[in-house]
Enquirer: 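Take this structure first; my questions come after.
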Number of protein chains: 2
Amino acid sequence: MSEGVEWALHSCLNLTWLPSGTAVPAAKLAAFYGLPAAYLNKQLQALARAGIVMSTPGPRGGFQLARSPERITLLDVVVAIEGPDEAFRCEQLLKRGPGADPEVDYRQACLVSRAMRRADLAWRRELAEQTLADLKDQVERQYPATPGNTVNRFTALRA
Amino acid sequence: MSEGVEWALHSCLNLTWLPSGTAVPAAKLAAFYGLPAAYLNKQLQALARAGIVMSTPGPRGGFQLARSPERITLLDVVVAIEGPDEAFRCEQLLKRGPGADPEVDYRQACLVSRAMRRADLAWRRELAEQTLADLKDQVERQYPATPGNTVNRFTALRA
DNA sequence: GTCTAATTACTCGGATACGCACTGTCCGAGTAGAAGTGG
DNA sequence: CCACTTCTACTCGGACAGTGCGTATCCGAGTAATTAGAC
């Protein structure tokens with residue numbers, strides 16, 4: 001899996017703690033973890049295309065969450081970065097084997113493909129059941145200082 | 001995910017239908033689906049290293065399942081080809097952020113990492129619950145001609 | 001002091017190189033069977 | 001006819017190139033705030 005997923009998840013989580021209406025430039029989100037700003041910007045663009053964050057150009061511009069954290073699942077973020085394709089892509093080997101029917105779509109008929117798809121769905125279900133708000137609450141419960149520290153750090157970077 | 005996983009699964013399933021004790025060379029397993037023989041051989045080597053198949057060199061040699069299909073899960077095959085690492089690898093971003101504790105292992109502490117690991121475990125559980133024997137039975141139930149056709153095809157390739 | 005207009009600085013966005021892992025290929029070590037030979 | 005030796009052909013196994021995608025970077029289009037100036 002692409003490394004950008006981790007960056008996107010942590011950045012979105014950080015955006016959760018900022019007062020709504022304020023945009024954060026990619027450079028500051030990157031500086032928070034010492035990441036290459038231009039490359040993180042690329043990932044944020046993907047999130048913007050997926051409608052997870054919205055971008056505003058110009059001074060005082062940047063990124064902010066496009067909707068409330070309760071309506072953003074971890075699956076949304078992963079799909080935005082990694083793309084919608086499932087990890088196991090059936091190349092329809094059976095179509096190249098003996099006794100193959102050219103009319104059949106073996107992505108549906110092949111039982112190997114089905115078994116792998118079942119596992120993929122279990123993975124996706126688990127990711128879809130966790131929202132950014134859930135994660136945010138868990139962090140705040142376990143590390144109560146995090147929200148304040150995060151905001152302070154970003155305002156410090158603003159200087 | 002690597003394409004070799006699909007090849008390995010289908011090849012292992014084909015091996016299920018051959019009488020035990022008979023070895024099949026990689027060239028014939030590859031010819032079954034029109035795959036590049038040398039590259040499939042590479043994947044079979046990985047399966048051999050994992051103890052899923054056993055190889056015998058020389059004439060009349062080849063590959064055969066190292067244990068009964070009931071004791072080979074889909075996860076075993078996937079891990080043998082893809083390696084044991086989970087898809088989402090936590091780079092411990094928090095260690096590079098403000099307020100990081102150098103002593104903490106953030107692969108355990110980071111809640112993002114935990115959420116992703118939970119999804120990964122769900123995926124692995126689903127794969128571990130399906131054995132090659134299960135798949136074999138499903139195929140035989142749905143396509144009763146497959147076992148005979150497979151054996152015939154391999155003996156035909158032997159000519 | 002206030003309105004207007006030009007300027008400036010800042011941001012995203014897409015177009016452009018680089019590196020690594022997956023893909024694909026090749027040849028050599030080793031072995032089992034076949035063939036040949038002598039008893 | 002049988003046992004032994006030699007030879008051949010076949011198999012895996014690891015070492016060697018090619019290619020696509022993830023990684024990383026840079027510069028230009030566009031915008032909002034700022035500043036200067038005129039009224």
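Any value given below was found using the heavy atoms of this structure, including those in side chains, with hydrogens, waters and symmetry copies removed. Residue numbers begin at 1 in each chain, while the letters A, B, ... track the order of the sequences.
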Enquirer: From CG of Asn41(A) over to P of dA15(C), roughly how many Å is that when rounded to an integer?
Expert: 14 Å

Enquirer: For dG13(C), does either OP1 or OP2 sit under 4.0 Å from a side-chain N or O belonging to Ser55(A)?
Expert: yes

Enquirer: Do Trp17(A) and Phe154(A) pass the ring pair (Phe, Tyr, Trp, His ring centres under 6.0 Å) test, and can you show the C-alpha distance, the side-chain angles, and the key distance before you say yes or no?
Expert: CA-CA 10 Å; Trp17(A) 284 306; Phe154(A) 275 120; 9.8 Å; no

Enquirer: Quick one: Phe63(B) CZ to dT31(C) P, roughly how many Å, whole number?
Expert: 16 Å

Enquirer: What nucleotide among dT31(D), dT25(D), dT11(D) has an atom nearest to a side-chain atom of Pro57(A)?
Expert: dT31(D)

Enquirer: Quick check for you: to the nearest 0.5 Å, what is the distance between Phe88(B) atom CZ and Glu82(A) atom CD?
Expert: 10.5 Å

Enquirer: If you assign each of Leu40(A) and Gly58(A) to its closest nucleotide in DNA chain D, which residue comes earlier from the 5' end?
Expert: Leu40(A)

Enquirer: Taking all atoms of both residues into account, what is the closest heavy-atom pair of Cys12(B) and Ile52(B), and its distance?
Expert: SG-CG2, 4.4 Å

Enquirer: Of the listed nucleotides (dT11(D), dG33(C), dG13(D)), which one gets closest to any side-chain atom of Gln45(B)?
Expert: dG13(D)

Enquirer: For Ala37(A) and Thr56(B), find the nucleotide of DNA chain D closest to each by heavy atoms; which residue's nucleotide sits nearer the 5' end?
Expert: Thr56(B)

Enquirer: Between atom CD in Gln43(B) and atom C1' in dT25(C), what is the gap in whole Å?
Expert: 14 Å

Enquirer: Using salt bridge (charged side-chain N to carboxylate O under 4.0 Å, His left out) as the criterion, point out the one residue from Arg118(B), Arg117(B), Arg124(B) that pairs with Asp120(B).
Expert: Arg124(B)

Enquirer: If I take atom CE in residue Met54(B) and atom P in nucleotide dG13(D), what distance separates them, rounded to the nearest angstrom?
Expert: 10 Å

Enquirer: From the options dC10(C), dC12(C), dT23(D), select the nucleotide whose nearest atom is closest to the side chain of Lys42(A).
Expert: dT23(D)

Enquirer: From C-beta outward on Pro25(B), which listed nucleotide comes closest to its side chain: dT23(D), dC12(D), dT23(C)?
Expert: dC12(D)

Enquirer: Using whole Å, what does the distance between atom P of nucleotide dT25(C) and atom CG of Leu35(B) come to?
Expert: 11 Å

Enquirer: Select one nucleotide: of dT31(C), dG13(D), dT25(D), the one nearest the side-chain heavy atoms of Pro59(B).
Expert: dT31(C)

Enquirer: Rounding to an integer number of Å, can you tell me how far Glu3(A) CD sits from dC20(C) P?
Expert: 14 Å

Enquirer: Under the criterion side chain to side chain contact (heavy atoms under 4.5 Å, CB included), which of Ser68(A), Pro69(A), Ser11(A) is the partner of Thr16(A)?
Expert: Pro69(A)

Enquirer: Output the single nucleotide from dT25(C), dA9(D), dC12(C) whose closest atom is nearest the side chain of Tyr39(B).
Expert: dT25(C)

Enquirer: Nearest to the side chain of Ala48(A) - dG13(C), dC26(C), dC26(D)?
Expert: dG13(C)

Enquirer: Within a 6.0 Å radius of atom CZ on Arg67(A), are there more than 12 heavy atoms belonging to other residues, nucleotides or ligands?
Expert: yes

Enquirer: Hey, is the side chain of Arg49(B) poking within less than 4.0 Å of OP1 or OP2 on dG14(D), counting only N and O atoms?
Expert: yes

Enquirer: Mind checking if Ala27(A) touches a base, just sugar-phosphate, or nothing, with heavy atoms under 4.0 Å?
Expert: nothing

Enquirer: Round to the nearest Å and state the distance from Leu47(B) atom CG to dG14(D) atom P.
Expert: 13 Å

Enquirer: Could you give the CG-to-P distance, from Leu44(B) to dG14(D), as a whole number of Å?
Expert: 13 Å

Enquirer: Check every atom of dA9(C), dT23(D), dC12(C) against the side chain of Ser2(A) and return the nucleotide holding the closest atom.
Expert: dT23(D)

